[in-house]
Amino acid sequence: MKSDRSHALFARAQRLLPGGVNSPVRAFKSVGGEPFFAQRAEGPFVFDADGNRYIDYVGSWGPMIVGHNHPKVLEAVFTAARNGLSFGIPNPLEVTMAETLTRLVPSCEVVRMVNSGTEATMSALRLARGTTGRDRFVKFEGCYHGHADSFLVKAGSGALTFGVPTSPGVPKALADLTLTLPYNDFDAATRLFEDCGDTLAALIIEPVVGNANCLPPRAGYLQHLRTLCTRHGTVLIFDEVMTGFRVALGGAQARYGITPDLTTFGKVIGGGMPVGAYGGRRDLMEQIAPSGPIYQAGTLSGNPVAMAAGLAMLELIQAPGFHAELEAATQALCDGLEAAARGAGVAFSTQRVGGMFGLFFSNEKVDTFAQAMACDSATFNRFFHAMLERGVYLAPSAFEAGFISSAHDAAIIEQTIAIAHDAFHAIGST
Ligand SMILES: *Cc1c(COP(=O)(O)O)cnc(C)c1O
């Protein structure tokens with residue numbers, strides 16, 4: 001596979017961008033080697049600067065749920081762009097977006113558009129703190145909620161009380177306010193809420209974890225958290241930046257039948273443009289400025305071109321049977337990969353929820369962060385490169401979920417499984 005152009009671009013990039021990239025995972029640090037540079041993308045494919053074609057299971061990390069460059073989305077973008085790229089004045093598409101969102105996700109009675117998932121989660125947390133008058137909140141090991149200071153925190157050793165910053169630059173004083181729980185552990189959540197539930201402004205969770213590989217919730221787990229939050233007056237925030245419109249049309253909350261107080265969105269909602277949103281109970285959301293005192297703003301929020309892209313995509317995924325087909329394709333892919341791995345004698349299992357999936361180099365079914373961390377990431381890395389060389393692009397880390405789109409038809413899935421068959425044999429015999 002040729003890589004001269006990508007290699008030259010990466011050399012130039014490394015001189016001027018930290019690590020050669022504008023977001024860390026893209027640098028291939030976890031899997032080793034150098035990233036390729038995308039030139040264009042179409043349907044299930046990405047083409048790199050050297051003309052190589054890859055079947056893409058990253059889909060821009062989630063947004064491209066109808067495949068790359070869908071003509072309907074492009075058309076909507078071109079039409080909106082011709083009318084102006086940005087106004088900083090209310091525009092009609094924002095109203096349509098709010099109507100669409102609140103209809104598809106009924107727990108969101110009122111919404112606010114922002115420009116990224118990070119903005120959505122940091123704003124939702126401020127709202128929870130502002131309405132409860134409490135400073136501490138709880139998150140889960142392995143969940144990612146964007147890069148705001150309060151979320152770049154992990155559990156301190158032994159103590160639930162004090163979090164530890166996971167990045168220099170996060171003030172210790174702020175990290176002290178972030179508590180961390182193990183995902184899918186019922187008792188740990190019960191104990192924490194008994195201990196200090198009345199001091200917690202919010203509990204924020206990825207209802208299906210997609211940032212520590214893919215970990216579905218155990219039966220009754222999300223309901224358990226809902227009950228604890230209700231009992232203690234803690235705001236339940238579902239971070240559906242990844243799961244929203246992907247694990248079901250109405251997101252994880254529709255799939256599992258749980259009503260959170262606030263929800264955050266990103267990725268699919270922007271159709272590939274930089275968009276995020278948060279929404280929820282009217283009494284909470286109306287505390288946001290200018291209807292309430294809690295401040296949050298954005299020069300480009302509700303951008304007309306971004307709204308047009310998101311609306312076009314949300315229109316497409318409302319086609320009857322869209323999510324059932326997406327889920328069937330994910331299922332077929334995962335079943336095929338498991339069979340191929342078995343054939344090659346490689347310890348391997350999968351998880352799948354709607355249009356997202358996880359690949360685990362382990363013999364057991366994985367659904368906790370500790371189990372995910374214990375998987376064989378060296379073997380994943382070899383598999384990643386074996387697949388890439390054969391024209392399949394997986395997320396360049398053992399700890400990221402995979403994404404499928406409606407452009408991944410039966411032939412593409414079959415082709416992927418055949419390639420995986422070769423790749424598993426190649427890594428099994430080294
Ligand atoms: C991607 C992601 C974010 C951050 O969104 P950005 O648009 O990258 O800021 C937050 N939460 C979850 C669950 C995500 O997957």
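For reference, positions follow the sequence shown, starting with 1. The analysis underlying the following values was restricted to heavy atoms, covering all of them including side chains, and did not include hydrogens, waters or symmetry mates. A quick note: this is a predicted structure, and the numbers were derived from the prediction, not measured. Indexing begins at 1, ligand by ligand and atom by atom, following the structure's order.
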*Asks:* Is the Phe265-Phe238 ring centre distance short of 6.0 angstrom?
*Replies:* no
*Asks:* Checking contacts here: is it the side chain or the backbone of Asn211 that comes within 4.0 Å of ligand 1, counting heavy atoms only? Could be both or neither.
*Replies:* side chain
*Asks:* Below 6.0 angstrom between ring centroids: does that apply to Tyr57 and His408?
*Replies:* yes
*Asks:* Report the member of Lys267, Met122, His147 with the shortest heavy-atom distance to atom 15 (O) of ligand 1.
*Replies:* Lys267
*Asks:* Could you list which atoms of ligand 1 come closer than 4.0 Å to a heavy atom of Asp239?
*Replies:* 10 (C), 11 (N), 12 (C), 13 (C)
*Asks:* Would you say the side chain of Phe137 lies within less than 4.5 Å of the side chain of Arg129, judging by non-hydrogen atoms?
*Replies:* yes
*Asks:* Going by the atom numbers of ligand 1, which of them fall below 4.0 Å from some non-hydrogen atom of Gly117?
*Replies:* 4 (C), 5 (O), 6 (P), 7 (O), 9 (O)
*Asks:* Any nitrogen or oxygen of Val241, main chain or side chain, under 3.5 Å from a nitrogen or oxygen of ligand 1?
*Replies:* no
*Asks:* Determine the interplanar angle of the Phe348 and Phe383 rings, folded into 0 to 90°, and report it as parallel if under 30°, tilted if 30 to 60°, perpendicular if over 60°.
*Replies:* tilted
*Asks:* Testing Val268, Ile269, Thr264 one by one against Val241 for a side-chain contact (heavy atoms from CB on, under 4.5 Å), which residue passes?
*Replies:* Thr264
*Asks:* How would you list, by chain and number, every residue that makes a side chain to side chain donor-acceptor pair (under 3.5 Å) with Asn91, sequence neighbours excluded?
*Replies:* Glu94
*Asks:* Would Thr118 count as being in polar contact with ligand 1, using the rule that some N or O on each side must be under 3.5 angstrom apart?
*Replies:* yes
*Asks:* Run the numbers for me: atoms of ligand 1, each under 4.0 Å from some heavy atom of Met242, listed by number.
*Replies:* 15 (O)
*Asks:* Counting each atom of ligand 1 from 1 as listed, which ones have a heavy atom of Ser116 under 4.0 Å away?
*Replies:* 7 (O), 9 (O)
*Asks:* Quick one: does Phe36's side chain get under 4.5 Å of Val46's, heavy atoms only?
*Replies:* yes
*Asks:* Looking at Glu206, which atoms of ligand 1 are within less than 4.0 Å of one of its heavy atoms?
*Replies:* 13 (C)
